[in-house]
Amino acid sequence: MSERRQDRSLHEEISWSRPRRRKEDWAGVTMASFRSSDYFDRLLAQRHFYRAVRSAQGAAASAAGESPSSAPKVRPQLTPFWTSCPGALSWRASIGWTSTLEFKARAGTRTLIWLMRDYLTDPNKHHEAAVAPQILKQVAVMTAEVIQNRMLLSSLRRVVGLGSVEHYRIFQASQAGRFPSLLDILYAAIVFGDLIDLDERVLHPLTFALLDRVIAASASYLDAMETQPEHRWPEIGAAWTRDIVTTLIPFQPPPKEAAGPDGAEASPAVQCLAKLAGPPRFRNPAGADDGQSKPSDRLAPLGSPPPPSLFPEAGPQPGARALVAELVRDSIENPDADTEQARELIGLAAALPVFLDAITKASGQAPDSWEDPRSDLLEAEVASKPFEPGQLSGTVEEGHEVEARLAGGERVAGQLFDRPLELSDDDRARDKLVAESRPIAEELRRLLYPNIENLTEAVRYKTAGNLDARRLVLFPFSQTIFKRTAIRTRGDKRGRPVLLVACDASGSLSGPQVRMLKCLCAAWLSAVARLEVVLLAAVYHSGSVHGGMQAPLVQWLAHPRKVPARRLDGVRALVSLPDDSGTGAQSDALSLSYLLEEAKKLAQGRRVFLTLMTDCAWNKSFPASPKTPAQEVRALIESAYEEMKERLHVTLVALGVSGKTGLEDVIDKVLPVAPTDLADHAAVARKIATFVAGTLQERGRSSQ
Amino acid sequence: MGLRDLIAIEGGGSPSWEEDRLWRLGREREGMRTAVRPLVERLQHYDSLRIEVERTPSAGDTLNDIANALQEPIEFCNSWGESAKASLVDPVSVRRALRDISLDLKLQVRRLVTTGMPVYLLARVRSDFWNEYSLQVEDLFMSLNYPVPDRRFVRLTDNGREVAYLRLADFRAPAARLIPEGSTDEDYRVDAILYDAARGVLQAAFHEDQQVAMAVARAFGLPMLLSAVELIYLVLTADLCQLRTAIDETLLQFFQRVYPQAAISAFLNRLLEMTEGREIDDLPDRAQNWHRTLSRAFRDWLRIEVPWGSGRKTKTPIWKLTLANLSRLQPVADRLRDETIVEKATERLAGVAERVIVEMTGRT
């Protein structure tokens with residue numbers, strides 16, 4: 001509790017009337033509360049988490065021989081928080097995952113794969129086996145990579161500050177399923193073998209056979225890793241890789257089989273099924289079959305463990321595809337199938353693509369969905385791509401369905417995402433931006449927002465350390481030991497106003513426009529940093545979300561419920577925006593509608609001051625609406641005025657616009673910044689001074 | 001909360017008005033069930049086909065039937081008589097159709113790790129804005145093998161996010177036995193019993209963070225640990241004075257017959273016997289101490305090292321094995337239970353859990 005109260009920036013919007021105690025009230029907030037439903041706990045946990053991640057990334061950089069304060073090369077991995085893994089493991093696994101990737105990103109040529117490059121270019125030269133050379137090469141690279149990751153984990157977990165790497169290994173082990181491919185088998189035997197229960201699993205006999213061979217081949221090397229110094233590990237890793245590749249040779253298909261069934265030996269139905277089955281698979285050496293006779297015209301029960309594939313397969317149904325591959329093999333091995341069987345096979349070949357498509361769609365999530373990725377799908381992804389960046393990284397992204405009412409009663413809807421803008425580590429750039437924006441910030445500081453009053457309050461006297469002996473003697477005569485006063489700015493009984501700064505950061509903004517936008521926004525943030533207004537600030541454009549999808553995006557610079565960083569850090573977030581031009585395509589009306597909704601939620605009936613900074617090159621947001629982009633924005637603002645009446649005040653800062661914006665008759669204030677003024681901060685400061693004076697006059701009139 | 005209270009909350013007044021209201025609520029519930037019937041029937045049909053292809057060799061016809069069951073549109077009729085079509089290959093459209101029928105309906109899809117096939121949970125929920133978790137009060141349909149890692153919670157998509165709900169659906173059938181035979185409006189009475197138990201006790205006693213302790217308690221046969229953890233959370237999280245006033249015969253019966261939890265049942269009885277406010281006030285402080293003691297004992301248990309590995313046996317701390325195998329802990333526990341070190345540590349932990357229960361309930 002005490003930690004909460006110290007944190008003033010998070011203290012802004014707390015409702016103290018909780019109906020019931022929560023675990024955090026008696027156990028405290030830990031990083032496991034990263035996704036707590038209570039935004040206060042959530043933000044505190046996120047703040048701790050990002051600090052811990054940064055520190056672990058520093059330790060990883062240091063382990064890689066670089067400066068611990070150098071800029072991170074990977075984004076914090078957040079996927080474990082969205083899986084069903086226990087909270088206490090998820091945050092540690094996230095930190096461990098991030099630091100592992102950070103080290104790998106900095107390792108450069110100090111990797112096993114680099115050291116073994118000669119062997120990995122053509123492993124067949126060393127083995128001279130009667131297998132497809134391309135497959136042998138892929139198997140060798142895959143094996144070297146797995147061994148490299150094992151060594152990396154064993155080495156990193158000994159580094160001070162990187163103990164969480166072991167938690168990442170445990171998290172990754174907990175996602176292991178039926179080992180559908182050789183890669184999964186190698187990871188199970190080499191990386192997670194000492195953690196997971198392999199004997200009791202229901203696996204295909206071939207999977208068991210492969211696991212046994214790899215475990216037996218690895219035992220002596222794992223012992224050697226424990227006894228030998230780390231500088232000898234590359235040597236051990238190279239010998240280990242060669243040994244495992246040798247062990248796997250009897251399971252690899254000969255060149256002819258690897259090429260797939262040809263027209264001469266397979267019917268069209270089998271050819272069709274072979275396409276569905278995907279890449280070539282293992283050869284079943286003697287004794288590694290399940291011993292059941294199967295009809296060669298039917299697909300084996302889907303619930304039975306599928307035989308492993310050589311390489312990880314794209315798509316959600318590797319099990320089903322593996323069974324199809326088995327069926328193809330059986331059909332080729334038994335070409336004397338009667339007409340009935342052949343007919344069944346043709347029916348199966350026709351039905352399978354439709355079936356696979358239907359179950360993929362029904363069990364999946366639309367690629368353009370605004371919803372959070374489902375936990376089961378994320379877990380499957382984690383299991384199939386160990387030691388790779390996950391789908392969720394950086395800051396917390398949320399999708400929203402926005403429904404808006406435009407003037408005239410038209411109802412429109414759209415989807416967008418929001419997330420906090422990541423903070424920049426470039427202190428020099430931040431100082432430069434603060435210096436540039438200072439003249440403007442000085443002018444803006446004079447801008448008074450109504451509903452704020454200065455109060456003299458008695459505050460409890462708290463000593464920092466020992467009691468001051470000079471005061472102690474006055475104890476019987478003076479209240480000074482117990483009391484002192486402070487002047488505090490706060491909202492009056494009508495409540496603190498909400499200031500919403502919305503910045504268009506789309507690709508239509510040129511370099512000078514973006515630089516002026518950053519300068520103005522930084523000035524606004526600095527000017528109100530110590531004011532007791534509720535501050536919301538965001539840039540809107542489009543960007544990559546949920547691992548690659550492009551969508552309308554709002555990135556928060558300041559938000560009391562969504563941004564874990566302090567209000568003053570908003571300027572640091574601004575620095576991370578590129579200087580040369582904006583990015584993406586903005587959806588003006590959609591983003592503004594969402595931003596206004598957020599402001600209204602926080603305002604709860606209080607006044608909202610919207611400052612909109614844009615180049616006025618409007619973009620269409622609602623394809624279903626017949627309105628032009630400019631009409632959409634106009635109709636949205638009109639509708640907001642209709643709803644909020646006197647409680648909304650809009651200022652438009654038109655960047656690079658010298659003429660009319662077309663919104664002068666709708667909104668309260670327009671502050672044009674002509675193209676010639678975009679690089680002239682002094683000129684803009686003068687304009688701001690005039691704007692402030694005008695606003696003061698206007699507010700003076702309205703308060704009379 | 002009884003049926004009358006429920007009706008009063010919904011806005012009822014005089015008895016005749018209440019009767020009208022009850023009749024209308026009954027119609028609404030009945031209407032909701034009728035509206036989702038096509039979906040339930042389709043899910044049942046699909047699930048029977050799914051089980052068939054999972055267990056027996058399948059031909060093209062069966063696969064076609066499954067594809068059709070998933071692709072063919074289902075016709076929904078919402079509460080104001082409008083019809084809408086949605087198919088299972090587009091789960092978002094089904095969810096939208098359900099939202100038009102009732103906001104209390106949730107459809108959750110999961111992809112089975114073993115086969116890649118979709119499995120479904122169609123649930124009726126009750127939003128509880130005043131507490132940490134909302135309640136899942138009924139399974140309208142649940143596929144066989146639908147994954148539920150902790151039977152006390154279920155994750156459902158709400159407004160685009162996966163959120164944990166308290167899973168009360170499993171208590172529905174036993175709770176119905178608490179209602180006198182021949183009572184009308186059984187559905188509402190069962191709901192009321194579940195709401196009361198959840199608001200009074202379960203919201204405080206259950207927490208997602210208990211997942212590891214619960215899994216260990218079940219796999220290693222430590223029912224005392226399970227009871228002690230729930231009891232401590234209850235004492236620390238609940239408003240005990242409010243809880244004391246909410247205890248009635250039905251609530252006591254709930255923890256004897258529906259969710260048999262001797263520790264909670266004994267604690268509720270003890271709470272009723274407490275006459276001094278100070279005694280109730282002291283309980284959370286004592287529970288904090290016991291929480292620390294139990295946590296320490298559990299940590300000690302997790303730290304023990306056991307021989308483990310396929311082929312090459314190494315000494316591994318049990319916490320690593322627990323977390324790495326959380327979803328299949330039972331086989332791990334079966335292999336470890338006979339190890340002397342595990343046996344002794346488990347006994348020690350059970351002893352501490354028992355002491356916690358005795359201390360908190362005042363009974364042996």
Side-chain angles (χ1 to χ4, degrees), chain A residues 19-23 26 32 37 84 86-89 170 173-174 177-178 192-200 215-216 219 222 294-295 297-303 316-317 319-320 344 347-348 350-352 354-355 358-359 361-364 366 369-372 374-377 380 399 401, chain B residues 53-61 63-64 66-67 70-71 88-92 109-111 113-118 130-132 147 149 155 157 160-162 203-204 207-209 211-212 233 236-237 239 284 288 308-312 314 316 320-321 323-328 331-332 335:
Chain A
R20 182 187 278 275
R21 294 184 79 201
R22 303 165 67 249
K23 188 194 168 187
W26 53 266
S37 54
S84 58
L89 176 63
I170 293 168
S174 70
R178 281 187 170 184
F192 316 129
D194 57 337
L195 291 177
I196 53 178
D197 171 49
L198 292 171
D199 302 339
E200 303 294 328
I215 286 170
L222 285 165
K294 285 172 276 190
D297 58 349
R298 285 174 181 237
L299 194 65
L302 274 181
Q317 271 78 38
E344 286 281 349
L348 201 58
L352 259 166
V354 185
F355 166 75
I359 62 170
K361 280 185 183 158
S363 65
S369 170
W370 59 274
E371 298 181 338
D372 277 1
R374 268 189 4 231
S375 58
D376 54 327
L377 302 181
E401 236 177 1
Chain B
V53 297
E54 281 181 359
R55 293 180 181 171
T56 55
S58 43
D61 294 347
L63 301 186
N64 276 331
I66 290 182
L70 294 171
Q71 285 169 338
L88 293 171
V89 286
D90 181 7
V92 176
V109 189
R110 295 278 178 229
R111 179 179 286 164
V113 179
T114 47
T115 60
M117 303 273 282
W130 300 103
N131 285 300
E132 193 157 4
R155 285 185 159 264
T157 302
R161 330 250 172 276
E162 267 189 28
Q203 286 276 8
H207 197 282
E208 277 189 293
D209 284 359
Q211 190 183 352
V212 179
Y233 270 68
L236 286 170
T237 314
D239 181 336
Q288 273 281 20
W308 184 261
S310 295
R312 176 178 170 272
T314 51
T316 311
K320 290 188 184 180
L321 303 178
L323 292 175
N325 299 283
L326 201 60
S327 56
R328 327 161 255 273
V332 177
R335 271 178 68 180

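Every heavy atom of this structure was used, including side-chain atoms; hydrogens, water molecules and symmetry mates were not. Keep in mind that what you see is a predicted model, and the values were worked out from it rather than measured.
The pair B/R161-A/D372 meets the salt-bridge criterion, with a side-chain N (NZ, NE, NH1 or NH2) lying under 4.0 Å from an Asp/Glu carboxylate O. Contact check on B/R328 versus A/D197 returns no salt bridge, with no Lys/Arg side-chain nitrogen under 4.0 Å from an Asp/Glu carboxylate oxygen.
Per-residue counts of heavy-atom pairs under 4.5 Å with chain A were compared for B/P147, B/P284, B/A67, B/A324; the largest is that of B/A324. With chain A as the partner, the residue from B/T56, B/L326, B/L88 showing the most heavy-atom pairs under 4.5 Å is B/T56. With chain B as partner, the option from A/G303, A/P301, A/A32 having the largest number of non-hydrogen pairs under 4.5 angstrom is A/P301. Among the candidates B/V113, B/L236, B/L321, B/L70, the residue making the largest number of heavy-atom pairs closer than 4.5 Å to chain A is B/L236. Counting heavy-atom pairs under 4.5 Å between each of B/E162, B/H207, B/E208, B/Q211 and chain A puts B/E162 at the top.
Both the backbone and the side chain of A/R374 come within contact range of chain B, with heavy atoms under 4.5 Å apart. Of the two parts of A/L89, only the side chain, counted from C-beta on, holds a non-hydrogen atom closer than 4.5 Å to a non-hydrogen atom of chain B. Only the backbone of B/R55 has a heavy atom closer than 4.5 Å to any heavy atom of chain A. Residue B/V212 touches chain A through its side chain alone, counting heavy-atom pairs closer than 4.5 Å.
Between A/I359 and B/T115, every side-chain heavy-atom pair lies at or beyond the 4.5 Å cut-off. Annotation: side chain of B/E132 is not in contact with side chain of B/T237 (no heavy-atom distance under 4.5 Å). Using a 4.5 Å heavy-atom threshold, the side chains of B/D209 and A/P86 count as separate.
Panel note: side chain A/E401, backbone A/W370; no donor-acceptor pair is recorded below 3.5 Å.
The number of heavy-atom neighbours closer than 6.0 Å to NZ of B/K320, taken from other residues, nucleotides and ligands shown, is above 12.
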